[in-house]
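Notes follow once the structure below has been shown.
In the text below, chain A, chain B and the rest are named by the order of the sequence lines, each starting its count at 1.
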Amino acid sequence: MKVFPRYREVWLLAAIVVLIGLISMRFPGFAAFGNLRQLFNDTSILMILALGQMVVILTRSIDLSMASNLCFTGMVVAMLNAAHPAIPIPLLIVIALLVGLVLGAINGFLVWRLNIPSIVVTLGTLTIYRGATFVISGGAWVNADQMSPDFIGLQRAAFLGIPVLSWIAILVIALFFLLMTRTALGRSIYAIGVNPTASVYAGIDVGRTKFIVFCISGMAAGLCGYLWISRYVIASVEVANGYELNIIAACVIGGISIAGGIGSVGGAVLGALFLGIISNALPVINISPFWQMAISGSAIILAVVLNARGERRQGRIILKKAEAA
Amino acid sequence: MTDTPAPRYIPDRLDKPLNAAIFSWEALLVAVAVAIFAVNSFASPYFLDVWSLSDLTFNFTEKALIALAMALLIISGEIDLSVAAIIALASTMMGMAMQAGAGTPVLVAIGILVGLGCGAFNGLLVTRLGLPSIVVTIGTMSLFRGIAFIVLGDQAYKGYPSSFAFFGQGYVWWVVSFELTLFLVAAVIYWFLLHRTSFGRRVFAIGNNPVAAQFSGVRVGRIKFILFCLTGLMAGIASVLITSRLGSTRPSIAQGYELEVITMVVLGGVSILGGAGSIVGVVLAAFIMGLVTFGLGLLNVPGIVMSIFIGLLLIIVIALPIVWRRVRRERLT
Amino acid sequence: MLVDPHPAHFVRDPPHKGEGKAAPRLTLSGISKSFPGVRALHDVSLSLYPGQVTALIGENGAGKSTLVKIMTGIYQPDAGTISIDGQAVTLPSAHAAFGHGITAIHQETVLFDDLTVAENILLGHAPRSRFGTIDWRTMRKNAREVLNTMGAGHIDADARLKDLGIANKHLVAVARAMSIDAQIVIMDEPTAALSLKEIEELFLLVEFLKSEGKAILFISHKFDEIYRIADRYTVFRDGEMVGEGLIRDAGQSQIVRMMVGRAVDHIFPQRKAEIGAPVLAVSGLSHPTEFDDIGFELHRGEILGFYGLVGAGRSEVMQAISGITRTSSGTITLEGKAIVPKSAADSIDAGIVYVPEERGKQGVVIGLPIFQNISLPSLKRTSKSGVLRLAEEFALARSYTERLDLRASSLSQDVGTLSGGNQQKIVIAKWLATTPKVIILDEPTKGIDIGSKAAVHGFMAELVAQGLSVIMVSSELPEILGMSDRVVVMREGRIASVYDNKRLDAETLVKTAAGIAA
Amino acid sequence: ENVKIALVVKSLGNGFFDAANKGAEEAAKELGGVDIIYTGPTKATAEAQIEVINSLIAQKVDAIAISANDADALVPALKKAMDRGITVISWDSGVAPEGRQLHLNPSDTNLIGETIIKLAADYLPEGGDVAILSASSTATNQNAWIDAAKKVLPEKFPKINLVATVYGDDDSAKSTDEAKGLLKSYPNLKAIIAPTTVGVVAAAQVVTDQGLIGKVNVTGLALPSEFKKFIDNGASQAVALWNPIDLGYSAVYLAHDLAVKKEEAKPGATLSIGRVGKVTLDDTNSAAMAPPFKFDKSNIEEFSKIY
Ligand SMILES: Nc1ncnc2c1ncn2[C@@H]1O[C@H](COP(=O)(O)OP(=O)(O)OP(=O)(O)O)[C@@H](O)[C@H]1O
Ligand SMILES: Nc1ncnc2c1ncn2[C@@H]1O[C@H](COP(=O)(O)OP(=O)(O)OP(=O)(O)O)[C@@H](O)[C@H]1O
Ligand SMILES: [Mg+2]
Ligand SMILES: [Mg+2]
């Protein structure tokens with residue numbers, strides 16, 4: 001399996017390098033190593049979410065509920081931490097993964113067993129999960145003050161000069177890479193996206209695989225629930241509101257085809273990085289914040305146009321003459 | 001050939017139309033609507049009041065107007081996530097015109113034309129460049145609203161002419177608001193367009209199989225383009241209404257409407273995969289959503305808890321026929 | 001041979017000496033399957049024997065593919081038992097069927113365009129490394145081995161499937177079936193998309209499989225193939241089994257009578273050749289990659305056959321004439337007027353219709369009822385200033401479906417629930433209903449049973465008698481020879497030769513198409 | 001029959017408004033015969049608030065006391081309420097005069113503007129660069145305060161140099177990005193002023209994370225309970241706020257008196273608000289409750305327990 005099919009990711013990488021170059025022209029410190037390291041750290045959460053979304057999109061589905069799942073799970077761990085500061089953080093992370101898994105599994109179950117299109121299911125759970133956050137918290141916020149120092153500190157601790165948050169992202173990227181290139185599940189995910197009917201005939205349980213991808217995206221969202229809350233040190237119902245579209249945008253910019261079957265781990269990571277750079281750089285280079293939205297919108301459109309160019313199928317060549325030319 | 005038998009007779013339909021209607025999606029929605037209406041009347045003494053019921057309609061008419069066009073677009077297999085952003089941009093442009101001294105007719109024209117233009121832009125990207133609409137409109141959603149932010153920044157436009165207020169605040173007759181009237185008229189037009197014209201039939205064909213439709217002489221690109229324009233147009237009209245109702249414009253206007261519009265369409269029984277759906281369903285779904293939010297509002301239930309009900313309603317109403325069919329099949333065998 | 005009106009009491013022929021001795025490898029008995037409103041199979045039984053090919057024969061919609069899907073775990077039967085080597089088994093999924101050594105080449109090509117050949121062959125049963133991860137190296141090696149044993153070593157295991165030609169794709173489908181150590185191999189109309197050369201290769205493979213002692217189920221509507229390859233036969237009619245036995249004991253007319261319930265002599269219709277003035281003239285038509293310098297004339301009342309190997313570019317040329325694909329140069333003249341169709345809609349308006357070859361993708365709109373499918377290209381006629389008139393749509397649909405002997409429970413039935421052949425009838429009805437001047441039929445009888453084939457051919461004869469002109473693209477030699485007035489042979493995107501059908505023989509055509517003619 | 005007063009807030013779940021509700025309940029108890037409906041949208045948008053107002057009109061409440069998400073967009077809906085005989089006042093974040101009978105400012109706009117600058121200037125004797133991190137660009141009150149602050153800068157704080165105003169939309173993630181951007185673009189930044197409770201927490205967390213405690217002072221308007229941590233760790237020297245409990249109390253008190261026709265709102269009138277004292281209406285029928293209250297190391301502990 002080629003790691004860089006059609007070298008889409010290489011182009012994206014080049015675009016990112018050019019972008020960083022352009023920003024550095026206006027703000028010289030931008031390309032400094034320390035800043036790039038921080039950029040990666042700032043984008044880590046989006047990367048993890050984009051990877052979770054990627055496996056779902058690859059199977060021709062979509063998970064609109066990730067941001068709400070993140071919000072709910074974040075609230076659960078924040079409230080747990082506030083009420084029982086003694087619970088060790090690793091255990092809280094496991095709880096976050098499990099809560100996320102359960103919410104993802106609910107999506108997956110509805111898609112699998114009732115055969116409801118994923119966009120409908122997750123449009124419903126998008127509002128339900130966020131509403132549930134309101135119900136469990138009574139609308140109250142969990143503030144920095146109520147969180148234990150470990151809860152906040154873990155992702156900020158540095159290991160080999162790099163924050164733990166970045167390490168978590170690196171680990172997640174590696175896991176996804178293994179999943180997509182080295183496991184039968186990864187192959188099934190691609191196969192379902194390429195041709196669902198053929199997948200049934202090939203003995204792949206399409207429904208169950210979709211269930212699993214929603215569990216994966218749920219776990220990614222759950223993990224990010226903890227990471228997000230401990231990063232921004234406030235848990236409220238409004239956490240990550242509307243972020244689902246950023247996640248999907250990252251995937252799209254990363255060349256993951258919304259029609260399924262096409263996309264790679266590298267693409268998702270770079271797509272997230274690209275969006276991260278834009279939102280990070282605009283304040284830095286003094287572009288009015290009011291321009292930010294229009295700029296990222298244009299970037300998304302541009303990315304789709306370019307990706308579509310790359311994907312455009314070449315006609316079968318029947319003529320010998322044309323083949324030779 | 002020997003002993004050729006007489007051709008087999010194939011009936012037009014098996015189900016009687018009445019039978020089909022009773023077991024249809026619309027019937028299910030009517031039942032749900034009646035149930036919610038009944039529950040509301042019991043739960044709150046304030047519900048059964050003509051003015052309450054009239055105010056209720058303001059909660060959904062603007063979104064429902066867009067949902068009518070969105071239903072056609074989704075049936076054709078496309079989607080437009082940028083409608084709320086189109087509202088913002090159209091409203092901003094109306095505000096600019098208002099500051100330049102434009103009168104009410106010009107303002108209305110500008111709102112509608114900007115909506116149409118945005119829809120055409122989406123349509124061009126999707127049909128000319130062959131891009132997936134869900135992605136294109138995620139992009140234009142940021143772009144359109146982004147332009148509104150660039151123009152307005154932290155400012156607001158206010159001071160629309162008093163005659164402009166009629167569209168979002170006026171009443172045509174007694175408690176019947178202009179918005180509701182416009183919605184009902186539009187619903188009839190869209191019903192006719194989708195279910196009674198060859199244009200509507202082609203929309204269904206495209207949604208089910210765009211390639212075969214193209215081979216059958218359906219101008220797929222053109223029809224999709226028209227549908228995007230219609231959706232933009234309805235967003236433009238909605239923008240006039242909402243700007244008039246709020247009497248002012250901010251770039252954050254109508255934030256998050258797109259998902260509510262799509263929820264309405266899907267709840268109305270339109271297949272998100274394209275190819276199936278009805279306008280009657282969408283209209284019923286609009287009323288159901290209005291009834292639920294208003295009913296819960298009367299009980300002072302927070303909006304976010306209402307959204308749980310809407311989310312559950314969406315999933316349950318879609319799941320119900322599936323589960324029911326499955327149970328019935330299991331009972332048969 | 002016995003044709004029993006009550007298949008429940010069906011008595012099997014005593015087994016013939018020698019052949020029946022081996023115990024059946026697979027036995028299906030009392031299988032029933034219904035879809036909403038359709039009884040696809042009712043109490044059917046079937047046995048497959050090791051080292052023998054059993055042909056499953058039946059009209060369109062008789063339930064053949066449904067049975068295949070039951071045998072491969074894709075559908076669950078409503079009733080009945082399946083046993084392998086005497087052991088009763090259940091097949092809840094395609095995976096379970098693999099486990100029992102059942103593999104199939106399905107009627108629709110079911111492969112993965114964006115995956116590699118190796119992945120296509122081994123997906124679902126890929127070799128694993130010690131850590132449970134996919135062992136890519138072994139996977140490629142295994143794939144290559146399978147291809148080599150099939151004599152298809154020229155296919156690169158690392159190539160992406162979409163870069164392969166259609167014939168090679170088909171070989172990959174076969175290789176996929178072979179890669180499972182299967183004892184039972186099912187082929188559902190495997191030759192429908194192949195040309196003669198590939199069909200020959202396929203038959204060699206079948207012989208090889210027979211020699212390996214595999215039990216083979218072979219489904220086809222082409223009797224020459226059945227007589228060539230099968231040892232036994234089973235006939236279905238309307239979802240019931242109506243006969244079985246050894247193929248060498250049964251004549252074609254006997255089998256046809258079983259399958260249709262009456263005798264059908266498929267003789268191509270006699271036509272009075274009243275060929276008139278040129279209607280359509282094409283000249284210098286070129287496309288950057290698909291075809292070059294295509295030029296021909298079509299006359300009033302003429303059937304012009306287009307022959308060639310699969311992938312010769314015939315469909316592309318026809319799609320260009322009907323406005324679906326763009327051309328780089330060339331002119332199309334209809335009744336003396338130059339036309340430049342930019343879309344199928346334009347060409348239908350002008351009076352040229354194209355009946356496409358890929359039924360599922362280009363032909364029918366699954367999800368719409370039969371009558372709406374048929375009226376789709378004729379909406380201008382069945383509506384009045386844009387407003388639909390249902391009664392006219394039903395009338396239009398009725399008149400065409402009855403003539404093509406469609407099997408459907410009502411005209412409001414979704415076409416997706418029809419069998420492959422019945423869908424093909426919808427496809428033909430739908431474009432005939434536009435009452436064109438020129439009609440282009442691309443593989444019009446692909447996958448159609450013998451009775452309906454005769455109906456389609458009769459229909460074509462009627463059309464030209466009414467003064468229409470027909471272009472018929474076909475890869476079936478008998479059809480080309482039996483129906484055409486003249487034959488255009490295409491090879492690699494160019495016209496190789498044009499023949500008058502007076503003294504034309506099959507050999508000339510095949511040689512021209514393959515490029516070995518003098 | 002009890003007097004029904006709706007306390008409508010910008011969004012539910014905000015600690016500031018929950019505290020205001022405490023005050024509202026206190027006033028209700030004190031006045032007697034008053035039912036409080038504490039409500040508001042979950043998303044801080046004008047459209048959502050209008051839906052809430054519509055349902056309150058249908059419930060025939062006697063008075064609506066609202067903290068508005070948009071000064072202008074709510075006017076038609078609130079006018080409708082007044083037409084149906086409902087008393088409407090705004091508090092905290094105001095509504096344009098034609099949409100309410102009176103407006104109760106938590107404090108004087110000019111005073112707040114001056115206070116937020118002063119909070120920064122007090123700890124910058126030599127002066128230096130400061131930046132403002134605001135809530136959403138459409139927030140009425142923040143914009144008014146920032147304008148007031150800009151006005152007093154040249155005369156009263158000549159050494160303070162305001163380099164930028166950015167918007168975090170009251171969204172913690174966006175506020176964090178913006179705060180980081182400020183620190184990156186202005187390496188000499190001495191203080192970040194965030195006149196919003198969400199923004200101030202985000203900015204203080206960024207300063208803490210980047211090890212800039214002592215170099216950059218975060219200040220602005222903050223709830224003591226949410227912000228205590230950052231006073232404690234030194235990311236901030238002091239912040240200010242008015243007392244939301246008093247604000248809720250006063251709003252309900254005023255709404256009640258107007259609804260039962262005990263008082264009338266007209267320019268120049270002096271209205272009494274129970275334990276809080278008296279306010280005088282200016283010519284737009286607005287009144288200011290009290291000057292902002294400063295929290296620093298000396299008193300944060302005590303107040304963080306209250307709100
Ligand atoms: N998924 C389905 N839903 C409803 N009806 C179906 C479905 N699949 C098949 N049928 C019906 O079952 C019957 C048998 O179909 P099947 O595809 O098995 O026919 P076949 O013998 O393979 O025909 P052909 O030669 O045309 O391929 C047909 O009447 C068809 O309409
Ligand atoms: N490499 C390929 N991959 C997939 N499909 C192919 C390929 N080659 C040919 N086909 C199929 O064959 C059809 C016909 O191709 P084309 O028009 O080029 O040749 P043709 O001479 O018309 O062949 P046919 O005999 O099948 O009609 C195409 O529509 C396509 O479905
Ligand atoms: Mg079949
Ligand atoms: Mg062809």
* For residues B/Ile318 and B/Trp25, determine if any side-chain heavy atom of one lies less than 4.5 Å from a side-chain heavy atom of the other. => yes

From the list C/Ala408, C/Pro356, C/Gly458, C/Gly386, the residue making the most non-hydrogen contacts under 4.5 Å with chain B is C/Gly386

Nearest heavy-atom contact between B/Ile74 and B/Ile272 is CG2-CA, 3.9 Å

* Asked: Is any side-chain N of the basic residue among B/Arg222 and C/Asp346 closer than 4.0 Å to the acidic one's carboxylate O?
  -> no

Checklist entry - Does a side chain donor of either B/Thr140 or B/Asn122 reach within less than 3.5 Å of an acceptor in the other side chain? => result yes

Honestly, the part of C/Ile348 sitting under 4.5 Å from a heavy atom of chain B is side chain

The interface call for C/Lys430 against chain B, heavy-atom contacts under 4.5 Å, is side chain

From the list C/Val355, C/Ile370, C/Val364, the residue making the most non-hydrogen contacts under 4.5 Å with chain B is C/Val364

Looking only at C/Ser34, C/Ser343, C/Ala344, the option with the highest number of non-hydrogen pairs under 4.5 Å against chain B is C/Ala344

| request: Give me the ring orientation class for C/Phe35 and C/Tyr75: parallel if the planes are under 30° apart, tilted from 30 to 60°, perpendicular past 60°. | output: perpendicular

Honestly, the part of C/Ser347 sitting under 4.5 Å from a heavy atom of chain B is neither

